[in-house]
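Both ligands and their constituent atoms are indexed starting at 1 by order of listing. This structure is a prediction, so every number in the text was calculated from the model and none was measured.
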Amino acid sequence: MVPTLPPPPMSGHLAWWQTGVIYQIYPRSFGDTTGNGIGDLQGIIDHLDYLNGEADQSLGVDAIWISPFYPSPMADFGYDVADYCDIEPLFGDLATLDRLIAEAHAREIRVVVDYVPNHSSDQHPWFIESRSTLDNPKRNWYIWSDGRTDGSPPNNCGSPFVGPAWTLDPPTGQFYLHQFLPEQPELNWREPGLAAAMLDVLRFWLDRGVDGFRMDVVGMIIKDAGLGDNPPNPNADPTLHADDIFGRQLHVFNEDQDDVHEVIRMFRSVLDEYSDRVAIGELGYGMSRWVRYYGTDGDGLHLPFNFRLMHTTWEAGAIRRSVEKLEATLPSWAWPSYVLGSHDAPRLASRIGAAQARVAAMLLLTLRGTPTLYQGDELGIENGVILPDQLQDPQGLRLGMDRSRDPSRTPMQWDAGPHAGFSTTESWLPLSADHRIRNVATQAEDPTSMLTLYRCLLEYRRSTQTLTVGQYESVPNSRDDDCFTFRRRHQDSERLIALNLTGKEQRLSMPDDRQASIELSTHLDRLGSMTLHNFTLRPDEGLIIEVE
Ligand code: GLC
């Protein structure tokens with residue numbers, strides 16, 4: 001394969017994962033080319049021009065992160081891996097993946113793959129061996145323990161998917177740990193043989209040309225060596241499902257242990273054997289614990305995902321405080337990231353409403369740091385309606401409809417046809433009800449659609465260094481409770497971002513007499529000069545303003 005990507009940055013320059021925008025693909029729901037109602041790798045290849053190509057409709061993203069495509073019994077839709085170094089036949093094969101990487105690189109799209117280091121599938125040959133006998137050489141590759149004298153599990157840990165995090169395996173009389181499903185036994189990173197094998201998995205994919213990894217629940221991979229009991233969470237939601245043990249605990253002993261950073265440093269040293277690769281981590285702790293995942297002087301994750309804005313009340317003050325706390329906490333060398341949607345969370349447009357979803361798009365693409373955009377959010381797709389007999393997600397099946405993640409996993413909507421251009425047949429999850437209006441073909445033709453807004457924002461961001469590399473500065477305004485304003489500055493260039501977080505018109509004034517002009521409105525209908533000491537944001541409007 002001829003490498004077509006630009007060379008890695010000189011020191012002092014920013015890397016692609018700092019200036020670029022990442023787009024998350026949930027492969028089951030992106031494009032089905034075999035007619036079985038389930039997306040596949042060829043379906044991703046077929047839509048690469050949409051992601052970054054010559055076509056007018058092209059979105060213009062810099063990288064894709066693909067959720068797991070490894071062989072899997074699909075108990076947790078691929079997050080239960082039965083072979084870390086192959087492709088699930090439903091999705092294709094290694095040759096298809098190689099083509100995907102080459103075709104993506106030819107379009108200057110980097111490819112980030114999911115790495116699931118906390119647990120494998122119970123069908124992984126390692127686990128089959130491990131559970132076979134007490135003295136199997138791979139016994140310690142997983143976390144086994146005797147129960148307590150009364151026969152109960154070794155500690156009180158619960159699973160976010162319901163019930164205890166331990167299952168008794170009668171043939172050997174010991175319990176194994178699974179913080180998720182019983183079909184997802186936990187790997188033992190304290191065992192050198194397992195650690196070496198899992199580091200080789202990274203090399204396997206790096207050698208194939210992937211540009212980095214999104215590391216699944218990476219803060220959970222090391223647990224307290226003494227398997228201590230978690231204390232109760234005094235603030236637990238009283239309406240939790242009766243068997244939601246996990247939700248009622250403070251996770252003192254099962255995650256975010258100090259020695260997790262040693263493993264993360266091992267990940268980094270493998271990535272550093274290659275040039276220009278990225279380590280992204282899925283984790284969410286309080287700011288002071290979370291920031292440690294960047295490592296000391298940058299020997300940890302390049303980008304610990306920052307999910308805070310997904311959990312922040314959608315109000316100007318709360319959003320400002322979250323952003324500014326991050327800005328104040330990060331060491332100067334650490335690069336921020338922002339995520340507003342994923343396959344695990346309700347759809348952004350359903351959470352904050354269709355009108356505010358446009359403001360959110362401007363926020364995500366103008367803050368300092370790497371944005372990750374979830375497939376379909378660029379169309380404003382809303383939560384799918386899943387009937388009880390259509391439920392697929394193991395979390396929803398165990399904890400109830402309101403905990404199901406299916407509504408955000410419905411198929412990508414490409415056109416207004418009967419199967420939304422996703423498939424030629426009924427899809428594995430029903431299409432979201434909005435597919436006839438919220439689809440790529442329809443919105444590409446509409447000069448004020450959500451897709452057009454995303455394309456304009458992405459293009460503007462790409463061509464405006466101030467937005468990719470500029471500093472963040474706080475800017476108070478006369479309506480601070482309703483509007484979030486901030487500045488991005490790089491050398492002599494300055495942009496003011498003004499976001500109306502309400503459905504009401506807001507008049508703003510700032511003590512600033514400089515020349516200013518509107519570069520982009522979320523309504524996509526106005527441009528041109530304005531004054532900063534007195535201006536109006538229409539309901540749900542965001543503006544990018546150039547200040548001279
Ligand atoms: C991560 C994934 C989620 C999965 C879980 C267990 O949170 O994003 O989809 O269920 O890990 O692997």
Side-chain angles (χ1 to χ4, degrees), residues 22-30 39 64-82 84 88 112-124 127 142-143 157-163 165 167 176-187 189 198 201 213-223 244 246-247 251 254-256 260 280-285 290 293 301 303-307 310-311 337 339-347 372-375 377 391-399 403-410 428-429:
I22 302 170
Y23 183 93
Q24 182 193 352
I25 292 180
Y26 194 67
R28 243 184 129 74
S29 293
F30 199 61
I64 50 177
W65 145 37
I66 313 173
S67 282
F69 44 62
Y70 311 108
S72 168
M74 299 286 164
D76 189 18
F77 295 106
Y79 284 96
D80 47 323
V81 179
Y84 285 101
E88 162 62 37
V112 174
V113 301
D114 224 300
Y115 178 63
V116 189
N118 184 65
H119 45 266
S120 72
S121 159
D122 64 346
Q123 299 307 306
H124 196 295
F127 187 68
Y142 290 82
I143 299 177
C157 276
S159 154
F161 290 164
V162 94
T167 288
Y176 66 90
L177 181 68
H178 54 84
Q179 298 195 79
F180 293 91
L181 296 173
E183 293 88 341
Q184 294 170 296
E186 308 257 325
L187 297 167
W189 278 90
M198 282 300 285
V201 169
F213 301 93
R214 173 270 190 189
M215 302 183 167
D216 191 59
V217 291
V218 71
M220 293 177 115
I221 62 180
I222 289 281
K223 357 286 161 185
D244 190 349
F246 181 90
H251 304 126
N254 61 318
E255 50 185 295
D256 190 29
V260 72
I280 303 172
E282 185 209 12
L283 66 150
Y285 302 118
W290 171 85
Y293 286 80
L301 299 172
L303 291 177
F305 265 152
N306 167 22
F307 298 115
M310 289 170 75
H311 310 296
S337 80
V339 184
L340 288 182
S342 83
H343 66 296
D344 289 332
R347 280 283 183 187
T372 300
L373 171 61
Y374 178 50
Q375 72 178 46
D377 279 355
L391 213 117
Q392 303 275 348
D393 176 30
Q395 182 166 279
L397 286 167
R398 286 161 182 78
L399 289 173
R403 294 290 296 278
S404 168
R405 299 168 295 179
D406 291 332
S408 59
R409 297 175 176 182
T410 60
W428 73 285
L429 276 176

Atom-level proximity to ligand 1, residues with heavy atom under 4.0 Å
Asp76, Tyr79, His119, Phe161, Phe180, Gln184, Arg214, Asp216, Val217, Glu282, His343, Asp344, Arg405, Arg409
Rounded distance [0.5 Å steps], CG in Asp244 versus OG in Ser159
8.5 Å
Going by ring-ring contact (aromatic ring centres under 6.0 Å, His included), name the residues that satisfy it together with [X], two or more places apart in sequence or in a different chain.
| X | result |
| --- | --- |
| Tyr79 | His343 |
| Tyr176 | Phe127, Trp144, His178 |
| His119 | Phe180 |

Do Ser121 and Tyr70 have side-chain atoms, one donor and one acceptor, less than 3.5 Å apart?
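Their side chains do not contain a donor-acceptor pair, so the 3.5 Å distance test is not met.
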Does a donor on one side chain sit under 3.5 Å from an acceptor on the other, for Tyr23 and Asp377?
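The answer is no; no qualifying pair exists.
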